[in-house]
**Student:** 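Handing you this structure, nothing more for now.
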Protein chains: 2
Amino acid sequence: MTQTAPSSLALRIKQAGLRLTAPRRVILQVLDSADDHPDVEELHRRAQAIEPGISIATVYRTMNALAEHGLIERQRFDDGRTRYEAVPEEHHDHFIDVETGQVVEFRSDEIERLQQDIARAHGFEIVSHRLDIFVRRKR
Amino acid sequence: MTQTAPSSLALRIKQAGLRLTAPRRVILQVLDSADDHPDVEELHRRAQAIEPGISIATVYRTMNALAEHGLIERQRFDDGRTRYEAVPEEHHDHFIDVETGQVVEFRSDEIERLQQDIARAHGFEIVSHRLDIFVRRKR
DNA sequence: GTTACAACTGCGAATTAGTCGCATTAAAGA
DNA sequence: TCTTTAATGCGACTAATTCGCAGTTGTAAC
């Protein structure tokens, strides 16, 4: 009998003390196969396509649970909708090409370190951060 | 008779082809004297204090108009409220206290420079950027 | 000044994203 | 298998924001 290998999210959801229910299995499958940044409505649509009957309230609750446990990342863009992406193994920041919309990931340990230094100097400890750099291709 | 000098926003609003109405005058005054990041409800409260009768719908509409014309910056943090600040002379980044919602501005020339370096290495030139660091007070 | 017209306003109703209470179901550990 | 309790679906609810409309008012042209 064929069975999809449990996604890393499925494993981590249990480690986080959450239950791996049928609706969640579907939502995780959707998240795993998404390489974009879907909002709840879109996640719900995709989940419904796999298994009708899943309530949008469940999608909301699941995304909140996942976000609270750090298993996904919430992205609030300027369009008023909350979107999500699976948390990458290693943190990265984004270049966004303002002309093409293309997103390029990058990572700078030096910037990460500087952030730590500055936060510490302000008496803060960092929970998370987000750096989006809007760019244009040089020519 | 005493008259407040027209704020830079008041000048720029006309240059943008928008009308400088009485409610807008008040809202601009509030924005000019704000050194925090008020949300619409707070802006409305402050505007009301100066001139009662201003509708919250007008605050919403004015802020949208200003943002569309680049005269203010919209900040959508993770607490679901949209906040605003006058476009600053000099760029800065944000610490957001995840517990209190408090926003603290900071600026690091070193981080700015690093971003330039990394962007250049990728063949990009920076248009703008946004760095939000979510923190918690150390104790 | 007066006029004219579109932009703007206040109001309350409508829309939208997200949450919640409740009765029911079903993970998962014993 | 039994038990406990988290999770679910549903629909009602809330909070933030938008919108329709009728009345007002900047502003540019006379």
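Because the structure is a prediction, the values reported are computed rather than measured.
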**Student:** Side chains of B:Arg74 and B:Thr82: is there a donor and an acceptor less than 3.5 Å apart?
**Tutor:**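 No, no side-chain donor-acceptor contact under 3.5 Å.
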**Student:** If each of B:Asp39 and A:Arg24 is mapped to the nucleotide of DNA chain D with the nearest heavy atom, which maps nearer the 5' terminus, i.e. the 5' end?
**Tutor:**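 Looking at the nearest nucleotide for each, A:Arg24 comes out on the 5' side.
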**Student:** Determine: side-chain N/O of A:Tyr60 to OP1/OP2 of C:dT19, distance under 4.0 Å, yes or no.
**Tutor:**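 For A:Tyr60, the contact criterion (side-chain N or O under 4.0 Å from OP1 or OP2 of C:dT19) is not met.
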**Student:** Does OP1 or OP2 of D:dA7 have a side-chain N or O of A:Thr58 closer than 4.0 Å?
**Tutor:**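 For A:Thr58, the contact criterion (side-chain N or O under 4.0 Å from OP1 or OP2 of D:dA7) is not met.
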**Student:** Using atom CE of A:Met63 as one end and atom C1' of C:dT19 as the other, report the distance to the nearest whole Å.
**Tutor:**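 Distance, rounded to whole Å: 16 Å.
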**Student:** Atom NE2 of A:His44 to atom C1' of D:dT8: distance rounded to whole Å?
**Tutor:**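 Taking atom C1' of D:dT8 as the reference, NE2 of A:His44 is at 12 Å.
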**Student:** Between C:dT19, D:dG9, C:dC11, spot the one nearest the side chain of B:Ser55, thanks.
**Tutor:**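 Out of C:dT19, D:dG9, C:dC11, the nucleotide with an atom closest to B:Ser55's side chain is C:dC11.
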**Student:** How long is the span from the CG atom in A:Leu31 to the CZ atom in A:Arg46, to the nearest 0.5 Å?
**Tutor:**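 Spacing of CG (A:Leu31) from CZ (A:Arg46) equals 9.0 Å.
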**Student:** Quick one: A:Ile54 CD1 to D:dT8 P, roughly how many Å, whole number?
**Tutor:**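 The distance from CD1 of A:Ile54 to P of D:dT8 comes to 9 Å, rounded to the nearest Å.
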**Student:** Is the distance from OP1 or OP2 of C:dA28 to the nearest side-chain N or O of A:Lys14 less than 4.0 Å?
**Tutor:**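 For C:dA28, OP1/OP2 do have a side-chain N/O of A:Lys14 under 4.0 Å.
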**Student:** Using a distance-only criterion (donor-acceptor N/O pair, under 3.5 Å, no hydrogens), is the base of C:dG18 paired with the side chain of A:Arg61?
**Tutor:**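 By the distance-only test, no, there is no pair.
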**Student:** For a quick check of understanding: with a heavy-atom distance under 4.0 Å over all strands, which category does B:Leu18 fall into, base, sugar-phosphate or nothing?
**Tutor:**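 Sugar-phosphate, no base atom in range.
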**Student:** Using heavy-atom distances to pick each residue's nearest nucleotide on DNA chain C, tell me which of B:Ala22 and A:Leu20 is more 5'.
**Tutor:**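 First, find each residue's nearest nucleotide; the 5'-ward one identifies B:Ala22.
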**Student:** In terms of side-chain heavy atoms of A:Thr82, which of D:dG9, D:dT17, C:dG18 is nearest?
**Tutor:**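 Shortest atom-to-atom distance from the side chain points to C:dG18.
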**Student:** Whole angstrom is fine here: how far is it from CZ in B:Arg76 over to C1' in C:dT16?
**Tutor:**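 Spelled out: CZ on B:Arg76 to C1' on C:dT16 is 12 Å.
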**Student:** Over how many whole Å does the gap from A:Glu51 atom CD to C:dA26 atom P extend?
**Tutor:**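 Between P of C:dA26 and CD of A:Glu51: 12 Å.
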**Student:** Check if the side chain of A:Arg19 and the base of C:dA28 share a donor-acceptor pair of N or O atoms closer than 3.5 Å.
**Tutor:**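 By the distance-only test, no, there is no pair.
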**Student:** Once rounded to the nearest 0.5 Å, what's the spacing between atom CD1 of B:Ile27 and atom OG1 of B:Thr62?
**Tutor:**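 So the gap between those two atoms works out to 3.5 Å.
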**Student:** Rounded to the nearest Å, what distance is computed from the CZ atom of residue B:Arg25 to the C1' atom of nucleotide D:dT24?
**Tutor:**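 That distance rounds to 16 Å.
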**Student:** Any donor and acceptor pair, going by atom type alone, linking the side chain of A:Arg24 with main-chain N or O of A:Arg19 inside 3.5 Å?
**Tutor:**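 Such a contact is found between A:Arg24 side chain and A:Arg19 backbone.
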**Student:** Just how far, in rounded Å, is P of C:dT16 from CD of A:Glu42?
**Tutor:**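 Nearest whole value for this atom pair: 17 Å.
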**Student:** OP1 or OP2 of D:dT18 less than 4.0 angstrom from a side-chain nitrogen or oxygen of B:Asn64, does that happen here?
**Tutor:**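 Yes, B:Asn64 has a side-chain N/O under 4.0 Å of OP1/OP2 on D:dT18.
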**Student:** Please pick, from C:dA17, C:dC20, D:dA16, the nucleotide with the shortest atom-to-atom distance to any side-chain atom of A:Glu41.
**Tutor:**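 Closest of the options to the side chain of A:Glu41: C:dA17.
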**Student:** Rounded to whole angstrom units, what separation is found between the CD atom of B:Gln75 and the P atom of D:dA16?
**Tutor:**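 After rounding, the reported distance stands at 18 Å.
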**Student:** Have a look at A:His91 and tell me which of A:His129, A:Glu73, A:Glu105 forms a side chain to side chain donor-acceptor pair (under 3.5 Å) with it.
**Tutor:**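 Going through the options one by one, the only one that passes is A:His129.
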